[in-house]
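Numbers restart at 1 for each chain; the letters A, B, ... are given by sequence-line order, proteins then strands. Values reported hereafter were calculated over all heavy atoms of this structure, with side chains retained and with hydrogens, waters and symmetry mates removed.
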Amino acid sequence: MTDYRATLNLPKTGFPMKAELPKREPERLAWWDAHRTYERRLERNAPNGAWILHDGPPYANGDLHMGHFLNMVLKDVFVKIALLDGKYAKFVPGWDMHGLPIEYETLKYLGVKDFHSIDPLELRERCKERALFWLDRQREQRVRMGNFGLFDRPYRTIDPSFEATIVSALADLTERQQIYKGLRSTLWCIHDETALAEAEIEYETRTSPSIYVRFTATSEQAVRIAGVMASGDLGLSASAASSRGTRDDSPLSVLIWTTTPWTLPANVAIALRADATYALYRLGDERVIVAEALAERVLGERFAQAALLGRATGAQLDDLAVRHPFMDRDSVIVLAGYVDLETGTGAVHTAPGHGADDFDTGLRYGLPILNPVDAAGRFTASAGPYAGMHIFDANAKIVEDLNSSGALWGVAEFEHSYPHCWRCRNPVIFRATAQWFLAMDQNVLRQRTIDATDAVDYVPEWGRVRQRQMIETHPEWCLSRQRTWGTPIPALICLECNEAVLDARVARLAAKRFGDVGAGAWWSDPVETYLPPDFVCPHCGGKRFDKEKNIVDIWFESGVTHLAVLGRDGLTWPSDLVLEGGDQFRGWFRSSLITAAAIKGRAPYRRVMKNGWVNDEHGRPMSKSLGTGIDSQEAVGRWGADVLRLWAASVEPIDDVRFGPNVVEQVGRVYRNLRNRMRFMIANIDDLSPGEIVTQDVMEPIDHLACTVTDAFVAEVKAAYDRCQIHDAYLSVVEFESGMSSLYFDSLKDPLYSRAAADPRRRSAQSALLYVLTRFLTVLAPVLSFTAEEAWQAVPAALRGDAESIFDTSFDAARLRNGAPENDLRLWQQVRALRARVAASVSPRDFEAQLRLVVTPAAHKRLAALGDNLREALVVSQLTLDQREGSDEIGDGVIDFEILPADGAKCARCWKYRELGSDPDHPSICADCARVVRALSS
RNA sequence: GGGCCGUUAGCUCAGCUGGUUAGAGCGCAUGCUUGAUAAGCAUGAGGUCCCUGGUUCGAUCCCAGGACGGCCCA
């Protein structure tokens, strides 16, 4: 038998089945770069209006991890969607480059222990080098992910123009009276010697000493307290009260509980809960007071011997006092709502200098705000016997002293979550210091900020609630930091009255100056540079000033990126989308929102999307030490960016996601499927020339139908993209490609391979394949950027038209609006169902079979319109389609469905069962094949 | 302790306003194909839809409580 294989039009392409992404992707990057693909498309889109995703700046410190990858790739997907949608989707990446983490790392790098011992300008220079080093590294990693954007012109918070924006924003806020300097109990890092913002805190488990301490009353105090408690009518009978007497002169103490013994020197009060019942017990030769609800737990085994002497509510004890156990002063009894009856004694040690709640209580009662701790965490002279000691070292000493003085009731260890500095990881303390604040309630800023969320879309929608809560609970925003690597707060100190002055005119001068030469000038310029003519101290009229040396919180810096970046160079304010991890509801989403509400009166973005956390394969946080941590560059080098980009779409990226080798392997198989489907289409249009492309109105019915179905698919994906539902788009893609492949591609093999190359049937199919392929690649390009481009470049150049790159194509919104007629989609589904039914036949199967189909007249009308395409689609050798009125028990109008052995014999060339031998020179093939073969040889 | 989110086949995920034999892709098993071939096609086995109550004729879907996981906060 002659081998007719050579006479077939078999697929042909250079597009390899094997992806080898780590090797090929860099070539693609170079190609995009050389062809200026992104910039050129941007220019072309410019007239169509802008769509701006504003980049939340990553911190320029360390390599990017998979959480960054997920976030940054998602951003890129949206930028590319807008680009393909014809929008001016200019993406300016940015970096957050000031701040303590970099300063800290730089000091460590330089081997400098105390930042006071290095010249600030020298330190700033070194920090800048360090930050730029990381910026370069991260930029390289971001580009390697395949992300489009102006990576050679990023915005940087260290740029003079950016520093000027920061200071201008401070000037704006000063003019609006939003900024004040005040004493506050702020979170303080004694290691880094600076105040910290709430956003810079991480809670970690820590074991602290847990002590119960007697605050013993003087005899006069004891008489008053015992009097109140004995006379209080809380169920204790009058006789019992009187018999137990108020004349008892044994020591009387309030028991308090604390896990921070070092704060005791600053104790000035004991807070009780107004509505809680406190009980006075006799225990041996002393009397103690604790909350009744906690007495059994606090007194332990001694509770059994305790004699109840009296009871009172917290409110009844308000304003009484006892003595501090070792400082020479009283500790007054106050009331506070935060006192709970779950832990401790119900009597809360209160040191207004060392706690936010305590501070508020102190303000309410006019208590002294004692702060006997210096910036580095050592006790000052006012701490009495502990002066000079480090606070955490003093813990043990204080406990020991309390013990020897008899004030200690009990001691244990207590494990609890305690605030730590986000970078240096050391426990932080509360410490009362003078700081600059943004007043959240001045000018109803808090409410205006909350209201600003009304105009914002949240993805997911519950983000709105989250965001509002974050604003509602936002404490006064501490803007100042006592460090070097940052933008100065251009405040002055009056040398006459020692008051700090923040004046908008000074800030404007500083903004101008910083914009010209950078913010380092604050350290090198004489103060006069920043004094407006005739400037005098508003407090005392003094004329001599010094520069204050505080820098601004870097959350404020990133909070004004919208002011620094948007509203110029074709970038709109507000932006259309911001997209960050969910932690940014408390971070950048919030800080940006507050500054925008304060200065511009509305939100700086139209839509906020959050992405989830990347955990390891078991759903646990990634950890280098467990071997499950993997950074972005490592993953990209190992698997290639495109597989990982597909992973980002294959999971629900709004939720927390899992990542690891097994997950990648799974999505890798989906990737291979997609790639092979592209390859099939490309390989079958290799010999198509532009002049032979037929339009859809003259395509064969099934081809036309495939194009229509593809349009519906594109519309579906585009709609998902518009809703920011990348994962929905992924599901559509997978469904589409597997359906296309099993129904359409499979049935097209015979017409494509065995017909004459230029046969109209074949050209029609090829035209459809080109159309499907192009739309498919356009839809995939935002996610599978490298592969879509590689595939596009493998399409014969003549067929690519004007589109040099796949990113020159478009979703073709005009066409999508027509949608796909419902009937077409139903017909497609019906053909699929029939095909599945035929394919399920074990024997005869495929071309060995013929199908006899009897359908209702309505179904007949639909199916008959497909002509011979229906037989092709069902992959049988013969099909008879008859109609009859009847009940379609099989469904979809099918009344009878019968598979029989095909007539004729297997054609050696096309494998269909036909009548053979009509051409004596080719006895083993059918007449159609014979004609093709003859034409080839003539 | 509080707020928010989640818990559906081995894995990644769909299941719209309560009624489906609870689905898809991947994996797995089996068969076909060897003219997409380190590919393609088909069939099949896998699920007490986290648990417990409640509302309802009927709940994966609604309500309450609980368990587990995550994020944020205290």
message = I'd like to know if A/Thr13 reaches the base of B/A36 with its side chain, counting only an N/O donor and acceptor under 3.5 Å.
response = no
note = Taking for A/Met470 and for A/Val465 the nucleotide of RNA chain B with the nearest heavy atom, the one nearer the 5' end belongs to A/Val465
Nearest-Å distance once atom C1' is located in both B/U30 and B/A36 = 23 Å
message = For A/Leu579 versus A/Asn71, what's the shortest heavy-atom pair and its separation?
response = O-ND2, 2.9 Å
query = Looking at A/Lys749, does any N or O in its side chain come under 4.0 Å of the phosphate oxygens OP1/OP2 on B/A36?
reply = yes
query = Do you know the tightest heavy-atom contact between A/Ser754 and A/Leu8?
reply = CA-CD2, 3.8 Å
key: Any side-chain donor near an acceptor of the partner, A/Ser741 and A/Arg677, under 3.5 Å   = yes
key: Closest to the A/Asn676 side chain, choosing from B/G35, B/A36, B/A14   = B/A36
query = Roughly how many Å is it from CE in A/Met17 to C1' in B/A36, rounded to a whole number?
reply = 6 Å
Nearest-neighbour nucleotide for the A/Ala839 side chain, B/A36, B/A42, B/G35 considered = B/A42
Distance, rounded to the nearest Å, where A/Trp647 contributes CH2 and B/C11 contributes P = 18 Å
query = Atom CG of A/Leu674 and atom P of B/U12: how far apart are they, to the nearest Å?
reply = 19 Å
ask   = If we take the C1' atom in both B/C62 and B/C68, what is their distance in whole Å?
value = 23 Å
request  = Report the distance from atom CG of A/Asp750 to atom P of B/C41, rounded to the nearest whole Å.
outcome  = 17 Å
message = Both A/Val651 and A/Asn615 contact RNA chain B. Taking the nearest nucleotide for each, which residue is further toward the 5' end?
response = A/Val651
Charged tip of A/Arg837 within 45° of A/Phe897 ring normal and under 6.0 Å = yes
request  = Output, in order, the C-alpha distance, side-chain angles, deciding distance and verdict of side chain to side chain donor-acceptor pair (under 3.5 Å) for A/Gln766 and A/Arg763.
outcome  = CA-CA 5 Å; A/Gln766 288 181 304; A/Arg763 293 305 186 206; 2.7 Å; yes
Please write out each protein N/O paired with an N/O of nucleotides 25-29 of chain B under 3.5 Å, distance rounded to 0.1 Å.
{"unit_1": "B/G25", "atom_1": "N2", "unit_2": "A/Gln666", "atom_2": "OE1", "d": "2.5"}
{"unit_1": "B/C26", "atom_1": "OP1", "unit_2": "A/Asn673", "atom_2": "ND2", "d": "3.2"}
{"unit_1": "B/C26", "atom_1": "O2'", "unit_2": "A/Arg669", "atom_2": "NE", "d": "3.0"}

note = Heavy-atom closest pair (A/Trp477 atom, A/Ser591 atom, distance to 0.1 Å) is CH2-CB, 3.6 Å
message = If I take atom OH in residue A/Tyr744 and atom C1' in nucleotide B/G40, what distance separates them, rounded to the nearest angstrom?
response = 17 Å
ask   = When you measure from the side chain of A/Ser592 to the backbone N and O of A/Phe589, does any donor-acceptor pair fall under 3.5 Å?
value = no
task = Starting from P on B/C4, measure out to OH on A/Tyr458 and report it in whole angstrom.
result = 17 Å
query = Under the 5.5 Å and 30° test, is A/Phe745 stacked on the base of B/G40?
reply = no
note = What one should report as the nearest heavy-atom pair of A/Asp703 and A/Ala765 is OD2-N, 3.2 Å
inquiry  = Among A/Lys912, A/Arg761, A/Lys749, A/Arg835, exactly one meets salt bridge (Lys or Arg N to Asp or Glu O under 4.0 Å) together with A/Glu872. Which residue is that?
reply    = A/Arg761
Integer angstrom distance from the C1' of B/C51 to that of B/A67 = 7 Å
ask   = If the P atom of B/G54 is compared with that of B/U60, how far apart are they to the nearest Å?
value = 15 Å
query = Taking only side-chain nitrogens and oxygens of A/Arg845, does any of them come within less than 4.0 Å of OP1 or OP2 of B/C32?
reply = no
key: Matching residue for A/Asp928 among A/Arg914, A/Arg755, A/Arg909 - test: side-chain hydrogen bond (donor to acceptor under 3.5 Å, both in side chains)   = A/Arg914
task = Measure from the side-chain heavy atoms of A/Trp613 and tell me the nearest of B/C5, B/A36, B/C72.
result = B/C72
request  = Tell me which nucleotide among B/A36, B/A42, B/G70 gets nearest to the side chain of A/Phe680.
outcome  = B/A36
ask   = Taking the chi torsion of B/G35, is it syn (within 90° of 0) or anti (everything else)?
value = anti
key: Pair A/Arg468 + A/Asp454: basic N to acidic O under 4.0 Å   = yes
query = What is the distance, rounded to the nearest whole Å, between atom CD1 of A/Ile654 and atom P of B/U12?
reply = 17 Å
Integer angstrom distance from the C1' of B/G46 to that of B/C4 = 34 Å
note = Under the rule of Watson-Crick or G-U wobble with both distances under 3.5 Å, where | means paired to another strand and [ ] a crossing pair, RNA chain B maps to (((((((..((((.....[...)))).(((((.......))))).....(((((..]....)))))))))))).
query = Tell me: CG of A/Leu743 to C1' of B/A42, nearest whole Å?
reply = 14 Å
